[in-house]
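Just so it is clear, the structure is predicted and the values come from calculations on it, not from any experiment.
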Amino acid sequence: MKKRAKLFCCLVKLANFVQKIIKNKKWQQPLSTLFWVILIVWLLRLSGLLQPFEWAVLDYYFRLRPIEPIDPRIVVVEISEQDISRLKEYPMSDKVLAELLEKIRDAKPLAVGLDLYRDYPVPRTGGEGYEKLSEIFRTTPNLVGIQKVLGEANNPPIPGPPALVESEVGFVASNDVVIDSDRVLRRALLYPSTIREEMIPSLGLVLAGLYLNEKGSEATWSDDGFTLKFAGVKLTRFLPNHGGYIRTNNGGYQMFLNYRTPPKNFQKFSLFEILDGKIKPEKLQNKIIFIGNTSTSSKDIFYTPYTALLNNSLEDNNDENRSEDNVYGVYVQANLTSQIISSVLDNRPLIKTWSDIQEFIWISLWPLISIILIGRFGKKKLVKYDNSPPIYLLLIVTILISTILGILVSIITFLAFIREAYWLPVVPPLIGLFCSSILGAQAIYIWKLKESNTQLRGAKQKLAESNETLEQKVAERTQELEERTQELEDTIKILEETKKKLVFENQVLKKSESSDTKYYYLGGTVPLDSPAYVVRYADLYLYEALREGEYCYVFNARTMGKSSLFVRATRRLKAEGFKCATVDLSKIVTSYLTLKQWYLGLIDQLCYSFQLTDKFDLLEWWFKYQSLSPKQRFYKFIAEILLNKISEKIVIFFDEIDNILSLNFNTDDFFILIRSFYNSRPNYPDFSRLTFVFLGVASPFTLIQNKVNTPFNIGRAIALEPFELHDVAPLTKGLSDKCANPQRVLKEILAWTGGQPFLTQKICFMISKSQNYISKSSESNFVENLVKLEIIDNWEFNDAPQHLTTIRARLLSPQSSTEELLKLYQQLLNGKEIIASESSPLHMELLLTGLVYKKQGKIKIYNRIYQTIFNLDWVSEQLEILSLPSASEG
């Protein structure tokens, strides 16, 4: 207690000292919070308020421990309620007890512990039975009886058996126990008194000593006479402040009870199994025999950590259904004996605790870690540069970090207990880390508010100075003239490139002025009549390929315009008489889908898309050919139903094809069947009218393992290239009333997005909704500030609709080669040139994240936005997280 009080005083002085010397104001408040949290936690612990909770955690860890094997050295002879009913007397007579001891002695056990008070004859008149029992007491050298040494007002001391006390060969041991204030027995009393001449060992200690003496291990005392040892194994003495205990009475010689799991895990026989001769002597030979009551009427029942949750009192615990929850006194002594023997011979650990210094470091460590983590994420990741920090996001991260650290504390302490029997503090570090997390987050939020206000005042002052500078205005006029020249050159180039696609674009769009006020579209398919749709060469290539009957596939990352591409191709083809159908695999594929359901779902969607439901009874047809395999039925449907009922050219789009990867069966046969339709064209001309298109976030080698019969080596890959400046002319219309030079603004946007379709549309959308007007010569600064403020800074919060989050999720997906992908991307950030290889799964996987794209045969980072957010620091942080050991590795 004195040591803990000194630690408390030193901590107060240290907190005041540190608060004075800290010069960095942004860390002053979090560190001050940390020290005061630690002070409060230690004050709570020293007050004893946390003691019941620490006991409860210890009891819970006991109950979670794995079941241990039966200790083969110990046998318990139970005197149960059934035995008492058969005897028709309680306590049993001297005659019956003498007969029991005689049978046990004849089996030659190593030691016998009689956990029954026998301080007077039974019956009181004595007689032949008493004389025989007294003779056994006087002539049995390995017999140990009990006496109650410590007396109380309503429970006086009980002497041992007179004959055994007077005997020179037997032993009389104490049977006293110490119970905690919640009535749970967690400690053993090896000696009720510390006075040497009055030191009477407990029953469990005497029997363990007899067994260990036979094995060559004798009990000795340490040099200071304070600790008992067997063969160098110290029976650690309980102190007033051991573990979670605070100012506890440690009279006599006490130690922690490290119960076996479960506590009654010993070989046991009933009284009448011994008396009736049903037990062979070999089962008792060289064993330690305990004899004791296990009846509810004996009242020799205790709460242990395994029964600490029971609400019924011991006095009322007469329900037979509760008998399995009771731990009787004889089993308490058996556990003590087994605990001592196992620690000496089997290296089974005794319950241990840390020193005060170690516990102080342990308890203080977790609030410190939480403060550091909250500080790191709160100050760098979760607060925008303007004056509105997202407090709810900071709160969510605070709760998440606290929860993860709390789970980590629980796992470490539990593993320490079940492996090495260390009882470490659990409740104090949990209270400390939760308090420090919440208070630390509050301090960071307040500091960030002050910092944001300071930045705003500085920006306002700079703006005022800028307006007053005449030289800057002159420079702006000069720059404007230079930019006009550059704009004319860009416009000429755009007109030349646009001229090549005007005919195709006019045919595809064919629209009148839309009444929809929404110009730009973020995510999803751009409507057919939208003037903001950007026509690319991919539109022309896909349309021409499908007209010629070529199989096509469009595999790329998300938000690259795949859906809009095939919707417009469908409209153009339908206008020319084609019959088109779209099979959305995200609506079919589920984790529990069977092979039959898969093909039936495909046919059902095709019937719906081609409006065959009124002309064709699918279920009747399906069951008619149930003798065929699902694959054969699908072929029969295409060849005999679809091609017969539709005479026009047919194009089937399989959208979201990557959903196939989640099926629990192999889909190679499906793709081989698609290839067979193509191979059948020379012999069956109708198949020449049938064309397939695959779209999704996938690569050919992940969809099919068979590289010979794959449909992808006969189809045409349609690449979705980034927007070029000459592509994005339709986007200028939505910016015309927001800036003086829309063409210049679009050029600055592409400088940040690299032509990524979604990001380009998103920035255009943000500008169109802005209240600010972009004057000439300010385009570069305006776009840069907008991108940093609304996309890069606090990007997780601003990422709506989700785009950057999707890229991160795919890059860090558990199903992907995360570490290899990060290292490959790290090489690109470091400037290494990487040649793209279609045979490399790693290259294809990185391309499908959308973070990079292929240009002139090389892998390039898509744009400045990605490079700024997913930078070298971010990659290093993710690699460091991946290198951390998991909780299961300890």
Side-chain angles (χ1 to χ4, degrees), residues 523 534-542 552-566 657-658 694-702 712 716-728 746-747 749-763 787 791-792 799 802-813 816-817 820-872 874-875:
V534 176
V535 179
R536 290 177 283 181
Y537 285 113
D539 294 88
L540 180 61
Y541 295 153
L542 179 61
C552 298
Y553 56 95
V554 187
F555 293 159
N556 214 314
R558 297 201 178 278
T559 65
M560 286 293 294
K562 294 186 293 294
S563 299
S564 302
L565 176 71
F566 88 78
I657 192 68
D658 46 288
F694 300 95
L695 307 101
V697 185
S699 59
F701 61 82
T702 61
F712 302 112
R716 183 193 293 193
I718 305 297
L720 292 175
E721 299 293 340
F723 288 168
E724 298 288 346
L725 188 59
H726 55 266
D727 295 324
V728 295
L746 276 172
K747 183 177 181 181
I749 293 173
L750 294 182
W752 278 98
T753 66
Q756 206 285 333
F758 173 84
L759 288 177
T760 303
Q761 290 263 3
K762 181 174 183 178
I763 296 176
V787 169
I791 297 180
I792 295 178
D799 192 25
Q802 287 192 352
H803 174 70
L804 300 168
T805 305
T806 303
I807 293 175
R808 180 184 65 180
R810 185 162 185 106
L811 187 63
L812 303 181
S813 170
S816 66
S817 307
E820 290 78 8
L821 287 177
L822 288 172
K823 290 181 178 178
L824 181 62
Y825 177 62
Q826 190 178 50
Q827 295 177 19
L828 293 172
L829 289 172
N830 287 322
K832 183 176 179 180
E833 184 175 278
I834 297 178
I835 305 299
S837 172
E838 292 186 359
S839 62
S840 170
L842 196 62
H843 286 190
M844 295 298 102
E845 195 171 356
L846 185 60
L847 287 167
L848 290 177
T849 64
L851 194 59
V852 300
Y853 74 115
K854 185 168 65 174
K855 182 178 182 180
Q856 297 177 349
K858 299 175 184 178
I859 297 178
K860 302 287 186 181
I861 299 176
Y862 212 115
N863 55 51
R864 289 172 63 187
I865 294 177
Y866 295 164
Q867 190 167 3
T868 304
I869 293 174
F870 305 107
N871 53 29
L872 283 171
W874 181 86
V875 173

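Interatomic distance, CZ of Arg810 versus CG of Leu821, reported as 9.5 Å (0.5 Å rounding). Here the CG-CG distance, from Asn830 to Leu872, works out to 5.0 Å after rounding to the nearest 0.5 Å. If you take CH2 on Trp752 and CD1 on Ile763, they are separated by 9.0 Å, rounding to the nearest 0.5 Å. In this structure, CG in Leu565 is found 6.0 Å from CG in Leu720, a value given to the nearest 0.5 Å. Considering CG of Leu824 and OG of Ser840, their distance stands at 7.5 Å, rounded to 0.5 Å. Atom CD1 of residue Ile718 and atom CG of residue Asn556 lie 12.0 Å apart, to the nearest 0.5 angstrom.
Counting all heavy atoms, side chain and backbone alike, Asp799 lies closest to Leu804 at OD2-N, 3.0 Å. Pairing each heavy atom of Leu847 with each of Lys854, the nearest pair is CD2-N, 3.8 Å. Nearest approach of Phe701 to Glu838, heavy atoms of both residues: CE2-O, 3.7 Å. Closest of all the heavy-atom pairs between Leu695 and Lys562 is CD2-O, 3.8 Å. Among all heavy-atom pairs drawn from Leu828 and Ile859, the shortest one is CD2-O, 3.5 Å. The heavy-atom pair separating Pro722 from Gly754 by the smallest distance is CB-O, 3.2 Å.
A heavy-atom distance below 4.5 Å is not found between the side chains of Tyr853 and Met560. With a 4.5 Å cut-off on side-chain heavy atoms, Thr559 and Gln756 count as touching. Between Thr753 and Phe758 there is no side-chain heavy-atom pair separated by less than 4.5 Å. Contact annotation: the side chain of Leu812 approaches that of Leu822 to within less than 4.5 Å [non-hydrogen atoms, C-beta and beyond]. Proximity of Val534 to Pro757: side-chain heavy atoms (C-beta onward) are nowhere separated by under 4.5 Å. Inter-residue side-chain proximity for Phe870 and Leu811 is flagged as unmet; no heavy-atom pair is nearer than 4.5 Å.
Residues satisfying the salt bridge (charged side-chain N to carboxylate O under 4.0 Å, His left out) criterion with Arg558, sequence neighbours excluded, are Glu656, Asp658.
For residues 857-869, every residue pair satisfying the side chain to side chain donor-acceptor pair (under 3.5 Å) rule, not counting sequence neighbours, is listed here: His803-Tyr866, Glu833-Lys858. For residues 716-725, the set of pairs meeting the salt bridge (charged side-chain N to carboxylate O under 4.0 Å, His left out) definition, not counting sequence neighbours, comprises Glu550-Arg716.
Ring geometry, Tyr553 versus Phe555: the interplanar angle falls from 30° to 60°, so the pair is classed tilted.
Although no hydrogens or angles enter the test, the distance criterion places a donor-acceptor pair under 3.5 Å between the side chain of Thr702 and the main chain of Ser699.
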